[in-house]
Amino acid sequence: MIVGIDLGTTNSLVGVYDAGFVTLIADEAGQRLTPSVVYYPESGAPLVGRPASRMRAIHPESTVFSVKRFMGRRGGEEVSGIPYRVAGSAGSPLQIAIGDRRLSPEEVSAAILGKLKADAERALGVEITKAVVTVPAYFNDAQRSATKRAGELAGLEVVRILNEPTAAALAYGLDRLSEKTKVAVYDLGGGTFDVSILELTGGVFQVLSTNGNTRLGGDDIDAALVRHLEEACGFQAPDPAARARLLEAAVEAKHRLSDLEETVVSIPFLESGVSREVVLKRADLEKVALPFVEKTRAHCLRALADAGLEVAAIQELILVGGSTRMPLVRSYAGGLFGRTPNCSRNPDEAVAEGAALQAAILDGTLSQVVLLDITPLSLGIETFGGLMNVILPRNTTIPCKAGEMFTNAVAGQSSMLIRVLQGERELARDNWELGRFEIPFQALPKGQARVGVQFEIDANGILAVLARDTATGLEQVVQMTSAVEVSDEAVEKMLEDALENAFDDMNARVFTEAKLKAQEMLPSVTKALAVAGDRLDDFERSRIEACVDEVKKALEVEAAQQLKRAVANLDESTQTLAALVMEIAMQGAGPRRGG
Ligand code: ADP
Ligand code: MG
């Protein structure tokens, strides 16, 4: 079993695909999001996640957060905005300094991955040794290798490094869209903003361009909201512990205001016995947040320019990252790309979901995403009476395989013509023929030959038709040369025609089916009357004769419904006759042997 992991700057998640859907794994406290925070006590094992977050206020110098920023980085580069120390001379790998200890960013990330691995193992009851881990699309080789090493340190083989926007697009099922679809992924997380333009090519997402800001996200909004609470609302935080409480209250209020129009921020005993309470409106928060949200605009425009695309070329906009839960961000991003964003997944879970899907594809639980295409029109063969017999209905997911058993219409027949058809019409002649071939089979009485016909469409949309005489095992496989793929216009025309002719088509099918049945019944009723007619009373015999006349009349005037009814009546009226014929036949065969 391979798990999918979103190793985020602010939050990390682990998910697994099983039996048709992705489950994101909750930890012992029931939380699916694990803050990407590690606290290193002076001695003993580090704390990871929520408990570590709590230590941030009290032991800022021993609590590492946002370590993702340092993955694959070298010393000597400017580092700001963190209370813990980093070390490492220019050119050598950057290290995090906690007291006398020196930790590589990989080691810190490994602590987070180790916690996710343990959560998954506890929830699933199996050992987990493999994972798909996501990284930002802009990560370079060094950053990707560092992520892989972090996995190894945690006892996880990283079987695939997956781009975050690609993972999100997978979670949204966008891989099922048509070729060349262009998708914008707008990801505003806690500390970073990324925008990526993807294009679906051969079922795989190609990153056309990526842009962003590694210092822009929900944290900025939090800090600005704290300032607002201090300056406009009179909250005072005299010491680090009080400041931590104020920040926590601000973040919680921000989250609530994504759903509510207003909320109360209240902090008891913030400063020497004084409690504070204020009503905060969504509009207040939006005023505070807008300048940060507006900063995403330039990045989006640059990403579009780098991809060589006008905004109108974008067909899908998906929002990723917890901060896109804010209505302000949703409408702003929607405005930038001129379309309503697709928000059907949880924005802070989409990346992990996509990673879990990719993991399932790699371990074979889920068929290759590349192949999740569909048949544009139904596929089938012509059967008795010139009818279309559908084997693969329209909109079947490719690759696919289905089959049906057919028999001979005529006694002594020794081959069958297989006409492979595509289309939605009831009559074979109104559909398109993709190909034809003969399958020979052993000559047998009518209805006793067994010819299996199987349709298989492979990953490339190529249809192969297999026909097998099940008596002899003799088979033929013919690959259709014309593709199953047809132009959108042709599909549309076929669907329109089918709709327009639906009534006539259905009538034709009913008539043909009833006619076949009538042609089978009439001679056998005549035969049965000759054998057992004298055992019926007059009333019953004349009733059967009337039904036979009714069938013949309906056949003559080609009235479908009338024929169908007549055939049913005939069938019903001959029940006794059929039983008598059976009885005579059994008497003729003598008493049954054995016992
Ligand atoms: P990252 O990808 O950076 O690890 P996430 O996607 O988990 O981070 O986003 C975390 C950010 O999302 C935080 O700033 C958090 O405050 C913000 N966030 C989470 N839920 C909400 C919400 N309901 N409303 C507004 N912001 C939210
Ligand atoms: Mg993220």
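Quick note: residue numbers are just sequence positions, from 1. Here the structure is a predicted model, which is why all the values come from computation and not from measurement. Both counts, for ligands and for their atoms, begin at 1 and track the order of listing.
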Considering the heavy atoms of M326, write down every atom of ligand 1 situated less than 4.0 Å from one of them.
-> 25 (C)
Starting from atom 23 (N) of ligand 1, find the nearest protein heavy-atom neighbour and note its residue, name and distance.
-> R325 CD, 3.3 Å
Nitrogen or oxygen of S323 less than 3.5 angstrom from that of ligand 1 | yes
Tell me, which protein residue and heavy-atom name are nearest atom 13 (C) of ligand 1, and how many Å apart are they?
-> G190 CA, 3.8 Å
Is a donor on one side and an acceptor on the other found under 3.5 Å between the side chain of Q315 and the backbone of K182?
-> yes
For atom 15 (C) of ligand 1, the closest protein heavy atom turns out to be H255 NE2, 3.4 Å
Which of the ligand 1 atoms, numbered from 1, are nearer than 4.0 Å to a heavy atom of G8 | 4 (O)
Evaluate the criterion side chain to side chain donor-acceptor pair (under 3.5 Å) for residue pair T63 and Y84; output intermediate values, then yes/no.
-> CA-CA 7 Å; T63 310; Y84 54 90; over 6 Å; no
Main-chain N/O of T129 paired with K117 side-chain donor or acceptor, under 3.5 Å | no
shortest atom 7 (O) of ligand 1-to-protein heavy-atom contact is with N11 ND2, 2.8 Å
Steps toward side chain to side chain donor-acceptor pair (under 3.5 Å) verdict (T34, S12) = CA-CA 5 Å; T34 289; S12 297; over 6 Å; no
Contacting atoms of ligand 1, where contact means under 4.0 angstrom from a heavy atom of T10 = 1 (P), 3 (O), 4 (O), 8 (O)
Can you tell me which residue and heavy atom of the protein come closest to atom 9 (O) of ligand 1, and the distance to 0.1 Å?
-> G322 N, 3.2 Å
Heavy-atom count around R215 CZ within 6.0 Å, excluding the residue itself: above 12?
-> yes
Look at K115 together with D27 and state whether they make a salt bridge at an N to O cut-off of under 4.0 Å.
-> yes
Check: T192 N/O within less than 3.5 Å of ligand 1 N/O | no
Neighbour count above 12 (heavy atom, 6.0 Å) for E310 CD = no
Where ligand 1 meets G321 - atom numbers and elements under 4.0 angstrom, heavy-atom basis = 6 (O)
Protein residue, atom and distance nearest to atom 24 (N) of ligand 1, heavy-atom basis | S258 OG, 2.6 Å
Is there a donor-acceptor pair under 3.5 Å between the side chain of D284 and the backbone N or O of K281?
-> yes
Atom 2 (O) of ligand 1: which protein heavy atom is closest, and how many Å away?
-> G189 CA, 4.2 Å
Would you call R85 and E61 a salt bridge, using N to O less than 4.0 angstrom?
-> no
